[in-house]
Asker: 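Could you have a look at this structure, given as structure tokens, before my questions?
Since the structure is predicted, the reported quantities are computational estimates derived from the model, not experimental observations.
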Amino acid sequence: MPTKSDFQDTLKAKYGINKNITQSLSAVECEELLTLLQGQPSALKLVESFIAKNEELSRNNRNFGQQRSQAQKNLKSLQADHEKLEQEIAELEKSNTSLGDRRGQLSQEQQELEAQIQELSAENKTLSSKIQSLTSRNDELVDANEQLKKDNKDLKNIVDQIRLRLARDTKMLLEYEDSEIRKALIRLFRWTLG
């Protein structure tokens, strides 16, 4: 006598009915189904329609399963990207805050530098005025120095003329015989020579 498994194998081989469909049936019910399909073409047609529909549903389930799996992978990828973007946004906001603080510092430093530039500009104007004054005084001193050099040269020439004249006159006086006059003239002559 054939077993339930034998009937299931026959149903699978002849009519394409999967064992999981006939699993809930007893051996007697499997045998009755086999007899019904062999004797009733309309029942066979109905079963074939169910099998076709089952295969279509199976394909749809597989497609939906693959799509769901792909959608879950995409969701995980998008969630990871979303978290990464949130972290980047948080870092950018933190960086933006730091840059805002640095911008404030730079603005303050710029104001301080501008104040220093104004102070240095005022000092520069003062120094420029002093330089002009000193240049003017230097020109005056150069002119005075030139005049003093000229005056010194003229004075030296006059002194040289006086010495020459004195030397000549003294020489003439020394030619006289009076020794006291001579001695006095020699002292005077030595004194004038320095």
Side-chain angles (χ1 to χ4, degrees), residues 1-139 142:
M1 166 136 195
T3 64
K4 175 180 175 180
S5 181
D6 293 334
F7 290 126
Q8 285 178 314
D9 290 339
T10 305
L11 286 169
K12 172 73 175 153
K14 272 185 153 184
Y15 304 108
I17 300 174
N18 288 332
K19 287 186 179 183
N20 61 357
I21 293 174
T22 58
Q23 192 63 37
S24 62
L25 301 176
S26 66
V28 174
E29 290 171 329
C30 284
E31 183 180 11
E32 287 175 0
L33 179 59
L34 192 57
T35 305
L36 178 70
L37 291 174
Q38 288 173 351
Q40 294 290 329
S42 60
L44 178 61
K45 199 159 189 135
L46 180 63
V47 168
E48 287 173 351
S49 173
F50 285 148
I51 290 171
K53 192 64 172 172
N54 188 33
E55 287 175 359
E56 182 184 339
L57 290 174
S58 234
R59 275 193 309 275
N60 287 344
N61 282 341
R62 275 193 302 275
N63 287 338
F64 290 139
Q66 289 172 352
Q67 289 175 359
R68 183 175 54 245
S69 175
Q70 188 65 35
Q72 287 173 341
K73 287 179 186 176
N74 287 343
L75 177 63
K76 286 181 183 178
S77 175
L78 288 172
Q79 285 174 336
D81 289 346
H82 180 72
E83 288 176 14
K84 185 178 177 184
L85 286 173
E86 282 184 344
Q87 288 175 351
E88 289 176 1
I89 288 170
E91 289 174 8
L92 286 172
E93 286 175 348
K94 184 178 178 183
S95 175
N96 191 25
T97 303
S98 298
L99 288 174
D101 294 344
R102 181 68 180 137
R103 182 179 177 189
Q105 290 173 349
L106 289 175
S107 176
Q108 184 178 356
E109 288 176 13
Q110 182 182 4
Q111 289 174 352
E112 291 171 2
L113 288 173
E114 286 174 356
Q116 287 179 355
I117 287 170
Q118 288 177 351
E119 289 175 15
L120 290 173
S121 178
E123 279 183 45
N124 193 21
K125 286 179 182 176
T126 303
L127 290 174
S128 178
S129 174
K130 286 182 181 178
I131 287 171
Q132 286 178 345
S133 174
L134 290 173
T135 301
S136 175
R137 287 201 59 196
N138 188 42
D139 290 344
V142 166

Asker: Testing the basics here: between Gly39 and Pro41, what is the closest heavy-atom pair and its distance to 0.1 Å?
Answerer: O-CD, 3.5 Å

Asker: Distance check, rounded to the nearest 0.5 Å: Asn63 atom CG versus Gln70 atom CD?
Answerer: 12.5 Å

Asker: Which residues pass the side chain to side chain donor-acceptor pair (under 3.5 Å) test with Ser128, not counting sequence neighbours?
Answerer: none

Asker: Looking at residues at least two apart in the chain, or sitting in another chain, which of them share a side chain to side chain donor-acceptor pair (under 3.5 Å) with Gln8?
Answerer: Thr22

Asker: Using the rule given for side-chain hydrogen bond (donor to acceptor under 3.5 Å, both in side chains), can you reason through Asp101 versus Ser98, listing the C-alpha separation, both sets of side-chain angles and the distance that settles it, and then say yes or no?
Answerer: CA-CA 5 Å; Asp101 294 344; Ser98 298; 5.6 Å; no

Asker: The criterion is side chain to side chain donor-acceptor pair (under 3.5 Å); which residues satisfy it with Lys14, sequence neighbours excluded?
Answerer: none

Asker: Is there a side-chain contact between Lys12 and Ile17 in this structure, where contact means two heavy atoms from C-beta onward sitting under 4.5 Å apart?
Answerer: no

Asker: About how many Å separate CG of Leu37 and CG of Leu33, when rounded to the nearest 0.5 Å?
Answerer: 4.5 Å

Asker: Any chance you could lay out the side chain to side chain contact (heavy atoms under 4.5 Å, CB included) test for Leu34 and Cys30, step after step, and finish with the verdict?
Answerer: CA-CA 6 Å; Leu34 192 57; Cys30 284; over 6 Å; no

Asker: Apply salt bridge (charged side-chain N to carboxylate O under 4.0 Å, His left out) to Asp9 and list each qualifying residue two or more places apart in sequence or on a separate chain.
Answerer: Lys19

Asker: Are the side chain of Lys4 and the backbone N or O of Leu25 linked by a donor-acceptor pair below 3.5 Å?
Answerer: yes

Asker: Check side-chain contact (heavy atoms from CB on, under 4.5 Å) between Asn61 and all other residues, then give those that pass, not counting sequence neighbours.
Answerer: none

Asker: Among residues at least two apart in sequence or on other chains, which ones pass side-chain contact (heavy atoms from CB on, under 4.5 Å) with Ser24?
Answerer: none

Asker: So do Leu11 and Ile21 actually touch side chain to side chain, heavy atoms under 4.5 Å?
Answerer: no

Asker: Once side-chain hydrogen bond (donor to acceptor under 3.5 Å, both in side chains) is applied, what residue pairs with a partner in residues 34-60 remain, sequence neighbours excluded?
Answerer: none

Asker: Quick one: CD on Gln132 to CG on Leu134, what's the gap to the nearest 0.5 Å?
Answerer: 10.5 Å

Asker: With sequence neighbours left out, which residue pairs that include part of residues 83-94 fulfil the side-chain hydrogen bond (donor to acceptor under 3.5 Å, both in side chains) condition?
Answerer: His82-Glu86

Asker: Are Gln72 and Arg68 packed together at the side-chain level, in the sense that at least one heavy-atom pair is separated by less than 4.5 angstrom?
Answerer: yes

Asker: So, Thr135 side chain and Ile131 main chain: donor-acceptor pair closer than 3.5 Å or not?
Answerer: yes

Asker: For residues 105-125, which side-chain donor-acceptor pairs fall under 3.5 Å, sequence neighbours excluded?
Answerer:
unit_1	atom_1	unit_2	atom_2	d
Gln105	OE1	Arg102	NH1	3.3
Gln110	NE2	Glu114	OE2	3.4

Asker: Quick check: closest heavy atoms across Leu44 and Tyr15, and the distance to 0.1 Å?
Answerer: CD1-CD2, 3.1 Å

